[in-house]
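What you see below is based on every heavy atom in this structure, not just the backbone, and it leaves out hydrogens, waters and symmetry mates.
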Amino acid sequence: MDPELINDCVHCGFCLPTCPTYVLWGEEMDSPRGRIHLMKQHVEGTPLTPEMAGHFDACLGCMACVTACPSGVRYDRLIEQTRAEVERTHVREPADRALRAMVFQLFPYPRRLRAMRLPLRLSAGLRRRIAPRLERVNPSMAAMADLAPPVPARVRLPRRVEARGRRRATVGMLTGCVQGEFFPQVNTATARVLAMEGCEVVIPPSQGCCGALSLHSGQQGQAERFARRTIATFERAGVDTVVVNAAGCGSTMKEYAEILQGEWADRARAIRTVDLAEYLVELGPAAERYPLPLTVAYHDACHLAHAQGIRSQPRHLLAAIPDLEVREISESAICCGSAGTYNLFQPEAARDLGDRKAERVLATGADLLVSANPGCTMQITSAIRRRGAKALPVAHIAQVLDASLRGLPGVSGASANADSEPPGEEIA
């Protein structure tokens with residue numbers, strides 16, 4: 001924990017109304033400035049108690065406080081450093097240790113996630129039925145059962161997708177772990193949109209985890225290993241710009257030069273990470289947009305809006321689609337409760353935040369919810385289902401753009417719940 005970063009906080013309180021856990025509980029120690037006070041106590045010699053660790057664990061790491069802070073406090077770096085300290089020094093209860101070990105030996109490994117596809121597909125109905133009873137026994141396992149999305153057909157992306165028309169750029173594309181295995185249609189749409197906008201897209205095979213889940217949960221050594229491997233993967237691919245379509249992954253990759261040291265930090269700086277919406281706005285449109293007569297609610301993923309400062313670009317892209325109306329969600333700055341692995345480790349708080357977000361999403365009356373992060377998609381879909389409301393299709397912004405650029409009809413063309421198309425000529 002960096003004392004200089006801690007001392008930047010003047011305890012003004014601007015962060016309080018933006019912090020999801022403070023909004024839920026009104027507890028000072030569950031606010032950013034309260035947690036910074038605990039960090040200061042620890043740096044000055046107070047042992048890390050289970051109570052202190054509990055307040056740090058309860059933080060979603062949503063970075064809304066970073067946006068709100070007038071003093072420029074780097075709470076993002078502080079909470080990452082603090083969580084690494086918690087993992088090094090705090091002895092967790094056996095059940096908590098076992099859950100965390102399972103999560104970090106499963107989710108960052110695409111091949112292991114792939115092995116879950118068939119069991120998840122076969123058990124979909126059973127999981128929905130047993131989740132309420134499992135909630136009473138083990139809320140974390142109940143959350144895992146409830147959150148898992150329908151498993152679509154597996155998509156094999158080509159290593160390279162040629163630009164349509166004049167080539168304007170060459171970019172790499174991160175396929176991700178959860179995104180690649182459970183939302184492959186998002187990656188297909190991303191590659192196709194980039195190609196239609198004149199980009200040659202390089203997709204290195206056998207990509208691993210970028211390290212986002214590990215970094216945000218204090219698994220520093222694992223995060224650094226994944227970061228180095230990701231850098232080396234795109235170096236071998238011969239690209240110096242990597243387009244990312246998952247907010248948490250993009251946020252982490254933009255931090256590589258900060259979390260790595262020496263040569264690896266320099267190598268990280270040589271590769272530019274850019275969010276899909278951010279990149280498309282910079283590039284400017286080339287392909288024709290066809291009408292999509294839809295009303296969409298746009299959800300700001302925390303690691304896109306707060307951690308990366310990307311808010312206007314997705315709205316700009318959606319507003320450029322003829323006949324599409326964008327509706328804003330109230331309390332858009334408050335996290336949906338997904339926060340990477342938060343909804344597994346803190347299921348009760350995550351559920352409360354998910355229900356709060358679902359209520360505000362449904363109040364828009366939109367035909368479609370648009371998100372930019374797989375965790376948010378699963379969290380909000382689950383919360384809407386719990387409310388017993390009519391299912392609301394959820395799509396990534398890449399899928400909405402893909403539907404418009406190809407002239408596909410309405411929600412069925414854009415929905416994340418639609419079956420994915422096979423790659424190949426359909427992409428190129």
field: Within-4.5 Å side-chain heavy-atom neighbours: L317 and V400
entry: no
Over 12 foreign heavy atoms within 6.0 Å of CD, E4: no
task: Begin with the C-alpha distance, continue with both residues' side-chain angles, and end with the deciding distance and a verdict on side-chain contact (heavy atoms from CB on, under 4.5 Å) for Y279 and C199.
output: CA-CA 11 Å; Y279 186 71; C199 297; 3.8 Å; yes
message: If you compare all heavy atoms of I310 against all heavy atoms of P314, which two are closest, and at what distance to 0.1 Å?
response: CG2-CD, 3.8 Å
- line: Here the pair of heavy atoms bringing A398 nearest to L276 is CB-CD2, 3.6 Å
- prompt: Do N245 and Q179 meet the criterion of a side-chain donor-acceptor pair at a distance under 3.5 Å?
  reply: yes
field: Stepwise side-chain hydrogen bond (donor to acceptor under 3.5 Å, both in side chains) test for S214 and Q219
entry: CA-CA 5 Å; S214 309; Q219 306 291 323; over 6 Å; no
- request: Examine distances only and state if a side-chain atom of D300 and a backbone atom of S332 form a donor-acceptor pair shorter than 3.5 Å.
  value: no
- request: Side-chain contact test, heavy atoms from C-beta onward, threshold under 4.5 Å: evaluate it for D275 versus V244 and give yes or no.
  value: no
- request: Given side-chain contact (heavy atoms from CB on, under 4.5 Å), test E80 with E255 step by step and report yes or no.
  value: CA-CA 11 Å; E80 287 170 5; E255 288 186 56; 3.0 Å; yes
field: E93/R97 ion pair, N-O < 4.0 Å
entry: no
- prompt: Would you call R88 and E85 a salt bridge, using N to O less than 4.0 angstrom?
  reply: yes
message: Between S371 and H299, do the side chains contain a donor N or O and an acceptor N or O under 3.5 Å apart?
response: no
message: I'd like to know if the side chain of R83 reaches the main chain of G218, judged simply by a donor and an acceptor atom lying under 3.5 Å from each other, with no hydrogens or angles considered.
response: no
message: Tell me whether D352 is salt-bridged to R356, with the criterion being a basic N under 4.0 Å from an acidic carboxylate O.
response: no
- request: Considering only NZ, NE, NH1 and NH2 on the basic side and carboxylate oxygens on the acidic side, decide whether R386 and D355 come within less than 4.0 Å.
  value: yes
query: Is it true that a side-chain atom of T295 and a backbone atom of D367 form a donor plus acceptor pair closer than 3.5 Å?
result: yes
- request: Starting at CG of L60, measure out to CD of Q346 and round the result to the nearest 0.5 Å.
  value: 8.5 Å
message: Do C302 and C335 have side chains that approach each other closer than 4.5 Å (heavy atoms only, starting at C-beta)?
response: yes
Atom NE2 of H11 with >12 non-hydrogen neighbours under 6.0 angstrom: yes
- prompt: Okay, side chain of S31, backbone of G34: is any donor-acceptor separation there less than 3.5 Å?
  reply: yes
message: Restricting to non-hydrogen atoms, name the atom on R311 and the atom on A305 that form the minimum distance, rounded to 0.1 Å.
response: NH2-O, 2.8 Å
Polar side-chain atom of R327 near backbone of T364 as donor-acceptor pair, under 3.5 Å: yes
task: Would you check if D240 and F234 make a side-chain contact, meaning some heavy-atom pair closer than 4.5 Å?
output: no
message: Looking at K357 and E331, is any side-chain nitrogen of the basic one under 4.0 Å from a carboxylate oxygen of the acidic one?
response: no
field: Nearest non-hydrogen partners of T377 and T381, listed with the distance
entry: O-OG1, 2.7 Å
L157 side chain reached by M173 side chain, heavy atoms, under 4.5 Å: yes
query: Under 3.5 Å, is there a donor-acceptor pair linking the side chains of Q207 and R229?
result: no
field: Salt bridge present between R267 and E263 (N-O < 4.0 angstrom)
entry: yes
- prompt: Between the main-chain N or O of E200 and the side-chain N or O of R160, is there a donor-acceptor pair closer than 3.5 Å?
  reply: no
message: Checking side-chain polar atoms at under 3.5 Å, does R77 have a donor or acceptor matched by the opposite partner on T82?
response: no
task: May I have the step-by-step check of side-chain contact (heavy atoms from CB on, under 4.5 Å) for T341 and F107, ending in yes or no?
output: CA-CA 9 Å; T341 54; F107 285 92; 5.8 Å; no
message: Which label fits F345 and F104: parallel for a plane angle under 30°, tilted from 30 to 60°, or perpendicular past 60°?
response: tilted
- request: Answer yes or no: is there a donor N or O on one side and an acceptor on the other, between the side chain of D76 and the main chain of A307, under 3.5 Å?
  value: no
message: Tell me the closest heavy-atom pair linking Q379 and G337, and the distance in Å.
response: NE2-C, 3.5 Å
- prompt: Given the side-chain rings of F226 and Y109, with only the six-membered ring counted for Trp, is the space between their centroids under 6.0 Å?
  reply: yes
M253 CE to Q308 CD distance, which is reported to the nearest 0.5 Å: 10.5 Å
- prompt: Given the rule in the side-chain contact (heavy atoms from CB on, under 4.5 Å) test, do R100 and E87 qualify, once you have shown the distances and angles that lead to the verdict?
  reply: CA-CA 11 Å; R100 288 171 183 269; E87 295 307 311; 4.0 Å; yes
query: Can R35 and D57 be counted as an ion pair, charged N to O under 4.0 angstrom?
result: no
Polar side chain donor-acceptor pair, Q41 to T46, under 3.5 angstrom: no
- prompt: Hey, is the main chain of D30 close enough, under 3.5 Å, to the side chain of T21 for a donor-acceptor pair?
  reply: yes
- request: Indicate yes or no: at least one non-hydrogen side-chain atom of V171 is less than 4.5 angstrom from one of V202.
  value: no
query: Between E258 and R74, is there a salt bridge with N-O shorter than 4.0 Å?
result: yes
statement: Rounded to the nearest 0.5 angstrom, the SG-NE2 distance for C59 and H216 is 11.0 Å
Interatomic distance, L280 atom CG to H316 atom NE2 [nearest 0.5 angstrom]: 10.0 Å
message: How long is the straight-line distance from OG1 of T190 back to CD of Q185, given to the nearest 0.5 Å?
response: 10.0 Å
- request: Compare all side-chain heavy atoms of L324 with those of L318 and state whether any distance is below 4.5 angstrom.
  value: yes
- line: Between the CG atom in L215 and the OH atom in Y256, the distance rounded to the nearest 0.5 Å is 9.0 Å
statement: In terms of heavy-atom contacts, L260 and A227 come closest through CD1-CB, 4.1 Å
query: Honestly, is R315 close enough over Y298, meaning NZ or CZ under 6.0 Å from the six-membered ring centre and within 45° of the axis?
result: no
- prompt: With distance as the sole criterion, is a donor-acceptor pair present between the side chains of D8 and S71 under 3.5 Å?
  reply: no
message: Does any part of the side chain of I79, heavy atoms only, come nearer than 4.5 Å to the side chain of M39, both counted from C-beta?
response: yes
